[in-house]
Amino acid sequence: MTEVLLPAHFNADPVRIARGLLGGTLIRVTPEGDRLTGRIVEVEAYDCPRDPACTAGRFHAARSADMATAPGRWLFWTAYGHPLLQVACRPEGVAASVLIRAIEPLEGVGHMLTNRPVTRERDLTNGPAKLVYALGLVPALMAGTAVDSPALHMLPPQWPVPDGAVDVTARIGIREGRTLPWRFVLRGSPWVSPATPSMELHSILAT
DNA sequence: ACTTCGATGCTCT
DNA sequence: GAGCATCGAAGTA
């Protein structure tokens, strides 16, 4: 029986943590007690001290403070008016995080569809903000809470996902840092975000 | 107070 | 695949 991931697990390199999260389960328990769960199929790492893509680092002091909170706390990055679910990594004072970009809906699909009506079920949670809406997450309430909170927590994958089943690419939607292969995707999953990676791993290695 | 800019999503061609 | 809505954070004044 796999155990809920604890905050201490996130006091480490976000790239390794992100990779290890693939295949895990994100579990949302609504105020009414409904279980909404999904398999984690797409993640990205942001490691500000060495990451040109991380606008929280040198450039945005306030955001940096948010992301530099104690490891293992939920936080919501906002971009284009949308909340993106992340977990703070590394020791307090260091801005680093894992971004959950897509999940495969498992339990509570009906409830998710209520939160976020879509025509094709495939579009329910295949984007970082989409899954936040589908799970009914409330940033104002949940930002800063621990990753092992009853309302929102995670299980590691039941079996480790082998490297052969993982696509490693550049991250989506960023300007700087596009050569860093810090996006991890469950290969072949139909539930990943539709955005095409700007660069596949092989072209990164070729450059 | 005003301007710019995204770690996005949606709606059309 | 192009265009636009969106809104909080940051920079400027």
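Each chain gets a letter, A, B and so on, in the order the sequences are listed, and its residues count up from 1.
When only modelled atom types and interatomic distance are considered, A:Arg183 and A:Thr169 share a side-chain donor-acceptor pair under 3.5 Å.
Per the geometry, OH belonging to A:Tyr80 stands 15 Å off P belonging to C:dG3, to the nearest Å. In this structure, A:Leu75 places its CG atom 17 Å from P of C:dG8, rounding to the nearest Å. Put simply, CD1 on A:Ile174 is 18 Å from P on B:dC5, counting in whole angstrom units. In this entry the distance linking CZ of A:Arg122 with C1' of B:dG9 reads 18 Å, nearest Å. Rounded to whole Å, atom P of B:dT11 lies 11 Å from atom NZ of A:Lys130. Between A:Trp77 atom CH2 and B:dT8 atom P there is a gap of 12 Å when expressed in whole angstrom units. Across the protein-nucleic acid pair, A:Arg63 atom CZ and C:dG11 atom P stand 11 Å apart, rounded to whole Å. Computed from coordinates, the A:Phe76 CZ to C:dT6 C1' distance equals 18 Å when rounded to whole Å.
Comparing A:Arg116 and A:Tyr46, the nucleotide of DNA chain B nearest to each residue sits closer to the 5' end for A:Tyr46.
Applying the side chain to side chain donor-acceptor pair (under 3.5 Å) test to every pair with at least one member in residues 131-158 of chain A, sequence neighbours left out, gives these pairs: A:His82-A:Tyr133.
You'll find the side chain of A:Asp13 reaches within 4.5 Å of the side chain of A:Arg90, heavy atoms only. Counting heavy atoms from C-beta outward, A:Leu21 and A:Leu5 have side chains that approach closer than 4.5 Å. Inter-residue side-chain proximity for A:Leu36 and A:Val29 is flagged as unmet; no heavy-atom pair is nearer than 4.5 Å.
Hydrophobic clustering of Ile, Leu, Val, Met, Phe, Trp and Tyr side chains at less than 4.5 Å, counting indirect connections, keeps A:Leu75 apart from A:Ile27.
Taking side-chain N and O atoms only, A:Arg101 has a distance below 4.0 Å to OP1 or OP2 of B:dT8.
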**Canonical and wobble pairing (Watson-Crick, G-U, under 3.5 Å) of DNA chain B, dot-bracket with |** = ||||||.|||||.
